[in-house]
Each structure stands twice: as structure tokens, then as C-alpha cells.
Amino acid sequence: QNKVRQTVRPTAEQGFTAKEALCTRAFWLLSIAHASALLAVGSLGVHQIPHMIRVTGLDLKQAGLIVALLMAMNITGQLSGGLIGDRFNKRITIAVCLLMHAAALAIFAYATNISSVILFAVLHGLAWGVRGPTINGLRADYFGTRSFATIMGFSSLITMAGMTAGPLFVGFMDDSTGDYKSAFIVLAVLTALGSVAIVLARKPVPVAESISPVNS
């Protein structure tokens, strides 16, 4: 009696187990790219208003209006992000969003007037909004729904490191140098590098082996 090996590709509903996903290159590259985006999101969420008041002469109320504009752009991006992700390559879409985050950080670092701050808010808000649903959609495309919640949980351990480390780093740099500029430039570079990670995060090929007996 011989045994014949047969490769079977799981359906999207079957997908990867969490253990299988953790063993793929795509999981780590996707998580790193997401963490790089959250470096920007976390840092700006904490430090954007103090920076605006210092460098542009905006008062607290005006800075608050800029944040409101940013969130309006975020909502706009989220409403369109699913449609964009369904119609265009998700990896390229996310890479573009990461470059928009990086550009927004660089603009914000050197902002001296309200026009540049408005441009920052539009770029960062749209990138944030579009990227969110698109990157989660890409995870589902890559790993299926079988263990999606567990896979998301493990990924969050990495992405939340970016969300936590970013504000701490920016605060430390501000205390050390007296301004936010150098910290935002460093984060812009790291976020731009995240776009390379997502481009390299190719879809993993799930292969399960089943053994069926064949009479000799």
C-alpha cells in the first residue's frame, strides 16, 4: 500500500491558523509596516497641538480646529478606503498611504504657517483613514478568516509597540533638543521605510498536505 501526497490550498474561510501565520514572512512585514504607520499616528496624537502652537503662532482654539480638520479627513478616508482597497492593489495603496504619512510628518516638522499645517492635516488624515480598512482587508486576504481574530491579536502586539514608542520618543527628543523637528523627521524616515516592508509583504501560499491511501 502506497501513500500519495496531495497539496491542498485552503479556502479563504479555512485560511491559516495563528501558528501558521506567525511562521510567514508576510505576517512580520505587514505588522512592521503597520507599526511604522502607528509611530506617526501615536506621536502626532499626543504632540501635534503643542507643536502647532509653538511653530505657527496658532492659539489653542485654532490648533483644535486643525485637529478637527484632520479627523474629518480621516473619516473621509475611511469611507473611501474600502472602495479603494477593493478596486486597487492593497499593498500599493498602503505603501502610498505610508509615504503620505511620511510627507505629512516632514511638512509638519518644518511648518511655519497655517497653510502648511492645513496641508499636513489633509495628508495625514486621508492616509490614516484609507490605510486602516485597507491593511485589515489585506490581512484577511492573506490569512483568511479561520483564525483572523487571533492573528490580529498577535499583530497588535507589534503594532501597538509603534503606537507606544512613538510618543515616548518624540517627548524624549523634545526634552533633549527643545523642539519636535528632529523627532518628526526621524519618524518620517521610519514611516517611509514601512512602505518598503509592505511592498515586500507578498501573499503567502498556504499549502496543507493530506495523505490518502492508494492500493498498489
Are [X] and [Y] grouped together when hydrophobic residues (ILVMFWY) are joined by side-chain heavy atoms under 4.5 angstrom apart?
| X | Y | value |
| --- | --- | --- |
| L99 | L119 | no |
| I32 | M163 | no |
| L138 | L29 | no |
| F108 | L123 | yes |
| I94 | I84 | no |

Straight-line distance of [X] [atom1] to [Y] [atom2], nearest 0.5 Å:
| X | Y | atom1 | atom2 | value |
| --- | --- | --- | --- | --- |
| L65 | K61 | CG | NZ | 7.0 Å |
| Q78 | T76 | CD | OG1 | 9.5 Å |
| F88 | L83 | CZ | CG | 8.0 Å |
| H101 | L44 | NE2 | CG | 9.0 Å |
| I118 | I66 | CD1 | CD1 | 4.5 Å |
| S176 | M173 | OG | CE | 6.5 Å |

Is it true that, when you exclude F154 itself, more than 12 heavy atoms of the residues, nucleotides or ligands shown sit nearer than 6.0 Å to its CZ?
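Counting other residues, nucleotides and ligands, CZ of F154 stays at 12 neighbours or fewer.
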Counting only heavy atoms not in R54, do more than 12 fall under 6.0 Å of its CZ?
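Yes, the 6.0 Å shell around CZ holds more than 12 heavy atoms from other groups.
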For the pair [X] (side chain) and [Y] (backbone), establish whether a donor and an acceptor sit closer than 3.5 Å, ignoring hydrogens and angles.
| X | Y | value |
| --- | --- | --- |
| D175 | G178 | no |
| Y142 | A21 | no |
| H47 | P167 | yes |
| S80 | G77 | yes |
| T24 | F27 | yes |
| W28 | L22 | yes |
| T159 | A35 | no |

Inspect the contact between K203 and D141 and indicate whether a charged nitrogen and a carboxylate oxygen are less than 4.0 angstrom apart.
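Here D141 does not pair with K203 in a salt bridge, since their nearest N and O are not under 4.0 Å apart.
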With side chain to side chain donor-acceptor pair (under 3.5 Å) as the test, would you mind laying out the steps for Y180 and H51 before giving the verdict?
CA-CA 7 Å; Y180 291 114; H51 183 64; over 6 Å; no
Evaluate the side-chain contact (heavy atoms from CB on, under 4.5 Å) criterion for residues T56 and I114: first the C-alpha distance (whole Å), next the side-chain angles of each, then the deciding distance (0.1 Å), finally the verdict.
CA-CA 7 Å; T56 64; I114 193 169; 5.9 Å; no
Testing the basics here: between [X] and [Y], what is the closest heavy-atom pair and its distance to 0.1 Å?
| X | Y | result |
| --- | --- | --- |
| F143 | P204 | CE2-CG, 3.9 Å |
| A33 | L98 | O-CD2, 3.8 Å |
| R91 | I198 | CD-O, 3.4 Å |
| M73 | V122 | CG-CA, 3.7 Å |
| V55 | A111 | CG2-O, 3.4 Å |
| I151 | A18 | CG1-CA, 3.8 Å |

Would T93 and N89 count as a side-chain contact (heavy atoms from CB on, under 4.5 Å) if you check the C-alpha gap in whole Å, the side-chain angles of each, and the deciding distance to 0.1 Å?
CA-CA 6 Å; T93 299; N89 184 294; 5.6 Å; no
Are any of the side-chain heavy atoms of [X] and [Y] separated by less than 4.5 Å?
| X | Y | answer |
| --- | --- | --- |
| K90 | I135 | no |
| V117 | N113 | no |
| L126 | M100 | yes |
| F120 | L105 | no |

Would you please name every residue forming a side-chain hydrogen bond (donor to acceptor under 3.5 Å, both in side chains) with S156, sequence neighbours left out?
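Testing S156 for side-chain hydrogen bond (donor to acceptor under 3.5 Å, both in side chains), a comparison that skips the adjacent residues, returns none.
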Side chains of residues 181-195: which donor-acceptor partners sit under 3.5 Å, not counting sequence neighbours?
{"residue": "T191", "atom": "OG1", "partner": "S36", "partner atom": "O", "Å": "3.2"}
{"residue": "T191", "atom": "OG1", "partner": "L187", "partner atom": "O", "Å": "2.8"}
{"residue": "S195", "atom": "OG", "partner": "A192", "partner atom": "O", "Å": "2.5"}

When you look at I107 and H124, which way does the side-chain contact (heavy atoms from CB on, under 4.5 Å) test go after all the steps?
CA-CA 10 Å; I107 290 168; H124 180 58; over 6 Å; no
Given S147 and T17, is the side chain to side chain donor-acceptor pair (under 3.5 Å) satisfied, shown in steps?
CA-CA 5 Å; S147 301; T17 65; 5.7 Å; no
Applying side-chain contact (heavy atoms from CB on, under 4.5 Å) to H34 and R131, what does each step give before you reach the verdict?
CA-CA 9 Å; H34 198 169; R131 175 189 48 74; 3.5 Å; yes
Under 3.5 Å side-chain donor-acceptor pair for S155 and S31
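Side chains of S155 and S31: pair found under 3.5 Å.
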